[in-house]
Amino acid sequence: MQPEELLAYIKNILLVLAKQNNIDLKNNKKLAVEKPKLEIYGDWSTNVALIYAKQFNVSAKNLADIFVKKMLDNEKIEKIDVAGPGFLNIILKRQARSSVVENILREKQNFGKSQFLKNENINLEFVSANPTGPIHIGGTRWAAVGDSLGNLLLSQGAKVIKEYYFNDHGAQIDNFVNSIIAKYYGTALQEDGYDGEYIKDLADKLMPELENRSKNEIYEQLKTKAVKLMFSQIKQSLQTFGTNFDIFFHENSLYKTGQVVKAVNELTARGFVYQKDSALWLKTSEFGDDKDRVLQKSTGEWTYFAADVAYYKNKRDRGFKTCVYMLGIDHHGYIKRLQAVAQAYGDTKENIKFLIGQFVNIIKDKKIIKLSKRAGNIITLDDLIKVVGVDAARYSLIRSSVNTPIDLDLDLITLHTNENPVYYVQYAYARCCNVMKNAYMLDKALSEKVLTKKADLSVLQKTVEKDLLTTLALYPAMLEASARSYEIHKVARYLEDLARKYHTFYSSLRILPNTKSEIQVEHIARLALNNATAQILKNALSLLGVSAPERM
RNA sequence: GCGCCCGUGGCUCAAUGGAUAGAGCGUUUGACUACGGAUCAAAAGGUUGGGGGUUCGAAUCCCUUCGGGCGCGCCA
């Protein structure tokens, strides 16, 4: 019996009790079935009595006792204790506890998938770095987190599009091109120009064949070629990193197709646009922004914000119910104004969602390195992959909440790559695979017994076995919670927990017998548990875009 | 000045308002002539920045204060 089944059962009892007592039950989201911290508390615990005691107008302990009486009828439950202020600690019957292994082995890669987000149509926009330089470490965090989050939401039934907004319109492109020219001729860089090795590379690569052309021609040719080259480099880096976008959306297309004008016109019709100082403004302050924002400058040029407005409208017109923006902490000021845009179009705050990622600090010689494109000391995605590899890089960036700044110590990560927890998890998987292989070599029939579900799993009674079983049973609920809160790091943390439980199990018990003649029911059951663990490790790693090697 | 985010063992990070705040690294001590030692077992290490409040119960919510980061353009 898995926790979600138990939870449904408890809710059912709750409804019956409420009806009997004529209580108009208020739904409480805090109701939960959890794995207790300590093993002696049982397999699962619930807080149902604690949070509903008030509504029933009895003490939590009394309500708990009522639940105990009802629940003991359930044939899957062995025992229930009331503990502490009113927790129900539930111990399952043997078969009920081990049934999760059968479920996993039956559903394989589909175990953990759900449809609870089936009505969601989500646009995930992330990275969206300007094509004026390689992807830096901040963008890298989103490349890992956004991609994995997309996988997760997809697995829970949502329709998901991963999208990259390509800023190919505006002054930064001019700066970029001028920087390359300046670099080539050794002239002074403009004030906010770009510098760095990659600018020199671009100059060396593109300039020689253009040298004899007119100034204007050099500029135009360079603009096309440099942006194209940079963009294909970015795409290549992302691909190497295992991040594949469904759509690369060009900012320029919003202008070419007149969508900016159209989007602003609609807002004008809705009465949220006004003219002041010969510029066009949007009344974002009406929806909680600090001040109104300019859409069109007095020069007649559109602002970057105007494109953002059109882009949001475009996303909604394409049918996305939820538009997710993943931004760096330095862009948190956008939240209010974009929320205002959504509301100005008559949408709600539900339609627009923000994930704000803290900085990734690069530590060298115990000090934070200040990175900037201008100074040319950026650490790129390619650098990171070269130093630590895709798996370790992705995992390091995923395993922390985006709300937490990450300090990546280059010295440490280079010297002790094996200490990245990703290897701990991968090693657990490799161990599982090795056991499977050995089992097959030992006795083909043994593997087949597991495969054909002839294993008696109820013999899994040791503490380390039960611990592993409940952790496996938690997998679907963990995925759902992770998807609900858009917190992919929960999946990584779960993996570490699962790997730990497996390593403990592995080293305290024999899974396979020494010789063929000694094969017993325990061995068959443990092999099934081993195989189920392998399946979950693989499923979860694949969500994170991290490989599951059969040997290391 | 105003606003947003973050303060958790020496370090890097966890913890839907739940039970004794958990892992990894580092430190110390143990464990293979049996499934791979990239592992396991164990020890030391905490007033969750400080102070109030809310309640059965707070690292978590509210107020306040102190640190750190970031943002406050007719830039993109």
Side-chain angles (χ1 to χ4, degrees), chain A residues 29-32 34 36-38 41 45 47 50-51 53-54 59-61 83-87 89 130 132 167 169-173 175 192 251 276-281 290-291 293-299 301 303-305 307-308 328-336 356-359 361 363 366 368 396 399-401 403-409 412 416-421 423-424 426-428 430-432 434-439 441-442 477 481 484-485 487 489-490 492-493 496-497 499-500 502-515 523 526-527 530 551-552:
Chain A
K29 281 180 187 166
K30 291 175 188 165
L31 177 62
E34 298 170 303
K37 217 172 256 181
L38 301 177
Y41 290 145
S45 76
N47 55 359
L50 285 165
I51 59 178
K54 258 187 193 162
S59 76
K61 290 230 181 201
F87 286 105
N89 291 330
N130 288 345
T132 53
N167 302 115
H169 182 96
Q172 87 276 8
I173 299 287
N175 288 345
D192 49 359
E251 181 187 5
K276 193 183 89 180
D277 304 331
S278 60
L280 223 50
W281 299 71
D290 302 333
K291 48 172 284 195
R293 306 287 167 180
V294 173
L295 289 164
Q296 191 174 33
K297 301 185 231 175
S298 52
T299 58
E301 285 175 289
T303 59
Y304 182 85
F305 179 57
D308 272 342
I329 182 71
D330 52 334
H331 285 70
H332 74 256
Y334 290 28
I335 296 179
K336 280 185 180 169
I356 300 301
Q358 296 288 325
F359 282 135
N361 294 316
I363 311 284
K366 305 280 170 205
I368 293 176
S396 299
R399 74 186 289 270
S400 295
S401 155
N403 287 327
T404 311
I406 305 180
D407 285 356
L408 283 185
D409 190 323
L412 217 66
H416 307 284
T417 51
N418 283 5
E419 277 150 23
N420 189 313
Y423 297 107
Y424 184 82
Q426 287 182 322
Y427 184 57
R431 267 187 156 173
C432 289
N434 211 42
V435 170
M436 281 189 236
K437 202 177 78 191
N438 291 341
M441 309 258 275
L442 183 72
R484 262 187 214 290
S485 58
E487 290 176 313
H489 73 277
K490 285 182 193 289
R493 298 295 172 155
E496 289 168 36
D497 187 40
R500 189 173 308 114
Y502 178 76
H503 284 310
T504 299
F505 160 72
Y506 177 95
S507 50
S508 67
L509 293 170
R510 285 290 307 186
I511 298 173
L512 302 173
N514 288 325
T515 63
H523 298 124
R526 284 176 199 154
L527 182 59
N530 174 83
R551 46 191 313 176
M552 296 172 69

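The sequence lines fix the lettering, A, B, ..., with proteins before strands; numbering per chain opens at 1. What you are looking at is a predicted structure, and each value in this text was computed from that prediction instead of being measured.
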Undergrad: Give the C-alpha distance, both sets of side-chain angles, the deciding distance and a yes or no for side-chain contact (heavy atoms from CB on, under 4.5 Å) between A:L509 and A:R526.
TA: CA-CA 9 Å; A:L509 293 170; A:R526 284 176 199 154; 3.9 Å; yes

Undergrad: Which nucleotide in the list B:A34, B:C40, B:A14 gets nearest to the side chain of A:H489?
TA: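 The listed nucleotide nearest to A:H489's side chain is B:A14.
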
Undergrad: With A:Y427, which residues qualify under ring pair (Phe, Tyr, Trp, His ring centres under 6.0 Å), at least two apart?
TA: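 Ring pair (Phe, Tyr, Trp, His ring centres under 6.0 Å) list for A:Y427, sorted by chain: A:H503.
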
Undergrad: Mind checking side-chain contact (heavy atoms from CB on, under 4.5 Å) for A:N403 and listing every partner two or more places apart, or none if nothing turns up?
TA: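 A:N403: side-chain contact (heavy atoms from CB on, under 4.5 Å) contacts with A:S401.
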
Undergrad: At 4.0 Å (heavy atoms only), tell me whether A:G170 reaches a base, stays on the sugar-phosphate, or touches nothing.
TA: sugar-phosphate

Undergrad: Can you check side chain to side chain donor-acceptor pair (under 3.5 Å) on A:D277 and A:S298, steps first, answer last?
TA: CA-CA 7 Å; A:D277 304 331; A:S298 52; over 6 Å; no

Undergrad: Evaluate whether atom CE of A:M441 has more than 12 neighbouring non-hydrogen atoms of other residues, nucleotides or ligands under 6.0 angstrom away.
TA: no

Undergrad: Quick check on B:C40: is either OP1 or OP2 less than 4.0 Å from any side-chain nitrogen or oxygen of A:Y424?
TA: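 For B:C40, OP1 or OP2 has a side-chain N or O of A:Y424 closer than 4.0 Å.
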
Undergrad: Check the distance between B:G68's C1' and A:F359's CZ and give it to me in whole angstrom.
TA: 13 Å

Undergrad: Check the pair A:Y506, A:N530 against side chain to side chain donor-acceptor pair (under 3.5 Å), reporting the backbone distance first and the verdict last.
TA: CA-CA 9 Å; A:Y506 177 95; A:N530 174 83; over 6 Å; no

Undergrad: If each of A:T303 and A:E34 is mapped to the nucleotide of RNA chain B with the nearest heavy atom, which maps nearer the 5' terminus, i.e. the 5' end?
TA: A:E34

Undergrad: Tell which nucleotide pairs with B:G3, taking only Watson-Crick or G-U wobble pairs whose two distances are both under 3.5 angstrom.
TA: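 Here B:G3 is engaged in a pair, and the nucleotide opposite it is B:C70.
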
Undergrad: What nucleic acid atoms does A:R551 come within less than 4.0 Å of, heavy atoms only: base, sugar-phosphate, or nothing?
TA: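 Base, at least one base heavy atom under 4.0 Å.
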
Undergrad: Between A:N434 and B:G36, is there a contact of a side-chain N or O with OP1 or OP2 at under 4.0 Å?
TA: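 For B:G36, OP1/OP2 do have a side-chain N/O of A:N434 under 4.0 Å.
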
Undergrad: In whole Å, I'd like the distance from the CG atom of A:D277 to the P atom of B:G73.
TA: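 Going from A:D277 (CG) to B:G73 (P), I get 15 Å.
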
Undergrad: For A:L50, report the nucleic acid contact type (base, sugar-phosphate, nothing); a contact means any heavy atom under 4.0 Å.
TA: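 Since a base atom lies under 4.0 Å of A:L50, the category is base.
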
Undergrad: Answer with base, sugar-phosphate or nothing: what part of the nucleic acid does A:E496 contact at a heavy-atom distance below 4.0 Å?
TA: nothing

Undergrad: Could you tell me the separation between the NE2 atom of A:H331 and the P atom of B:C72, rounded to a whole number of Å?
TA: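 Checked: the NE2 to P distance equals 9 Å.
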
Undergrad: Atom CG of A:D407 and atom P of B:G69: how far apart are they, to the nearest Å?
TA: 13 Å

Undergrad: Can you tell me which nucleotide in B:G22, B:A15, B:A38 comes closest to the side chain of A:K490?
TA: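 For the A:K490 side chain, the nearest candidate turns out to be B:A15.
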
Undergrad: Among the nucleotides B:A19, B:C40, B:C74, which one has an atom lying closest to any side-chain atom of A:K297?
TA: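 The answer is B:C74.
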
Undergrad: Answer yes or no: side-chain N or O of A:S45 and base N or O of B:A19 forming a donor-acceptor pair under 3.5 Å.
TA: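 Under the 3.5 Å cut-off, the side chain and the base do form a donor-acceptor pair.
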
Undergrad: Mind checking who B:A34 pairs with, Watson-Crick or G-U wobble, both distances under 3.5 Å?
TA: none

Undergrad: If I take atom CZ in residue A:R500 and atom P in nucleotide B:A42, what distance separates them, rounded to the nearest angstrom?
TA: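 After rounding, the reported distance stands at 13 Å.
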
Undergrad: With a 3.5 Å limit on both atom pairs, tell me what B:C61 is paired to, counting Watson-Crick and G-U wobble, or say none.
TA: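 The base-pairing partner of B:C61, which may sit in any strand shown, is B:G53.
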
Undergrad: Indicate yes or no for a side-chain donor-acceptor contact from A:W281 to the backbone of A:K276 under 3.5 Å, with no hydrogens or angles considered.
TA: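 The answer is yes, because a donor-acceptor pair under 3.5 Å joins these two groups.
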
Undergrad: Got a second to check how far A:E251's CD is from A:D308's CG, nearest 0.5 Å?
TA: 8.0 Å

Undergrad: At under 4.0 Å, does any side-chain N or O of A:K291 touch on OP1 or OP2 of B:C74?
TA: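 For B:C74, OP1/OP2 do have a side-chain N/O of A:K291 under 4.0 Å.
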
Undergrad: Expressed as a whole number of angstroms, how long is the span from A:H523:NE2 to B:A34:C1'?
TA: 11 Å

Undergrad: Using a cut-off of 4.0 Å on non-hydrogen atoms, how would the nucleic acid contact of A:A279 be classed: base, sugar-phosphate, or nothing?
TA: base

Undergrad: What does the list of N/O pairs under 3.5 Å between the protein and nucleotides 44-49 of chain B look like, with a distance for each?
TA:
none

Undergrad: Would you say the side chain of A:N47 and the base of B:A19 hold a donor-acceptor pair, judged only by whether the two atoms sit under 3.5 Å apart?
TA: no

Undergrad: Under the rule for side-chain contact (heavy atoms from CB on, under 4.5 Å), what residues qualify as partners of A:K54, not counting sequence neighbours?
TA: none

Undergrad: Here's a test of your reading of the structure: between A:R399 and A:A83, which maps to the more 5' nucleotide of RNA chain B?
TA: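 The residue mapped nearer the 5' terminus is A:R399.
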
Undergrad: Measure from the side-chain heavy atoms of A:T504 and tell me the nearest of B:C35, B:G18, B:C40.
TA: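 Looking only at side-chain atoms, A:T504 lies closest to B:C40.
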
Undergrad: Hey, does A:L509 reach any base, or is it just sugar-phosphate, or nothing, if we go heavy atoms under 4.0 Å?
TA: base

Undergrad: What nucleic acid atoms does A:F305 come within less than 4.0 Å of, heavy atoms only: base, sugar-phosphate, or nothing?
TA: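 The answer is nothing, as A:F305 stays clear of every strand by at least 4.0 Å.
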
Undergrad: Grab the N/O contacts between the protein and nucleotides 1-9 of chain B below 3.5 Å, and write none if there aren't any.
TA:
| unit_1 | atom_1 | unit_2 | atom_2 | d |
| --- | --- | --- | --- | --- |
| B:G3 | N2 | A:H332 | NE2 | 2.7 |
| B:C5 | O2' | A:Q358 | NE2 | 2.2 |

Undergrad: Got a second to check how far A:T404's OG1 is from A:R399's CZ, nearest 0.5 Å?
TA: 11.0 Å

Undergrad: Take atom CZ in A:R551; do more than 12 heavy atoms of anything else shown fall under 6.0 Å from it?
TA: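 No, not enclosed.
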
Undergrad: Between the side-chain atoms of A:S298 and the base atoms of B:C74, is any donor-acceptor pair under 3.5 Å?
TA: yes

Undergrad: Distance check needed: B:G73 P versus A:E301 CD, whole Å only.
TA: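 The distance from CD of A:E301 to P of B:G73 comes to 19 Å, rounded to the nearest Å.
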
Undergrad: With sequence neighbours left out, write down each residue that passes side-chain contact (heavy atoms from CB on, under 4.5 Å) with A:Q296, or none if nothing qualifies.
TA: A:L280, A:W302

Undergrad: Write down the partner of B:A41 under the Watson-Crick or G-U wobble criteria, each distance required to be under 3.5 Å.
TA: B:U29

Undergrad: Between A:N361 and B:U12, does any side-chain N or O lie under 4.0 Å from OP1 or OP2?
TA: no

Undergrad: B:G18 base stacked by A:F87? Criteria: ring centres under 5.5 Å, plane angle under 30°.
TA: no

Undergrad: Among the nucleotides B:A14, B:G36, B:G69, which one has an atom lying closest to any side-chain atom of A:A430?
TA: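 Of B:A14, B:G36, B:G69, B:G36 is nearest to the side chain of A:A430.
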
Undergrad: Tell me the partner of B:U8, counting only Watson-Crick (N1-N3 plus N6-O4 or O6-N4) or G-U wobble (N1-O2 and O6-N3) with both under 3.5 Å; none if nothing fits.
TA: none

Undergrad: Counting side-chain heavy atoms from CB outward, which of B:G22, B:C35, B:A38 is closest to A:Y427?
TA: B:A38

Undergrad: Within the 4.0 Å heavy-atom criterion, would you say A:I356 contacts the bases, only the backbone, or no part of the nucleic acid?
TA: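 Touches nothing.
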
Undergrad: To the nearest 0.5 Å, what is the distance between CZ on A:R293 and NZ on A:K336?
TA: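 That separation rounds to 10.0 Å.
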
Undergrad: Using the P atom as the reference point in each nucleotide, state the distance between B:U16 and B:G69 in Å, no decimals.
TA: 28 Å

Undergrad: Just to be sure I understand the rule, does A:K437 reach a base, reach only the sugar-phosphate, or reach nothing, if contact means heavy atoms closer than 4.0 Å?
TA: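 Answer is nothing: A:K437 stays at 4.0 Å or more from every strand.
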
Undergrad: Can you measure from CD (A:Q172) to OG1 (A:T132) and round to the nearest 0.5 angstrom?
TA: 6.0 Å

Undergrad: Counting only side-chain heavy atoms from C-beta out, which of B:C75, B:G18, B:A19 sits nearest to A:I51?
TA: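 Looking only at side-chain atoms, A:I51 lies closest to B:G18.
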
Undergrad: Give the rounded distance in Å between these two atoms: CG of A:D330 and P of B:C72.
TA: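 For the pair A:D330 CG and B:C72 P, the rounded distance is 9 Å.
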
Undergrad: Name the nucleic acid region contacted by A:N89, choosing base, sugar-phosphate or nothing; use a 4.0 angstrom heavy-atom cut-off, strictly under.
TA: base

Undergrad: Checking all strands, does A:K54 fall into the base, sugar-phosphate, or nothing category for heavy-atom contacts under 4.0 angstrom?
TA: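 If one applies the 4.0 Å heavy-atom cut-off, A:K54 turns out to touch the sugar-phosphate alone, with no base involved.
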
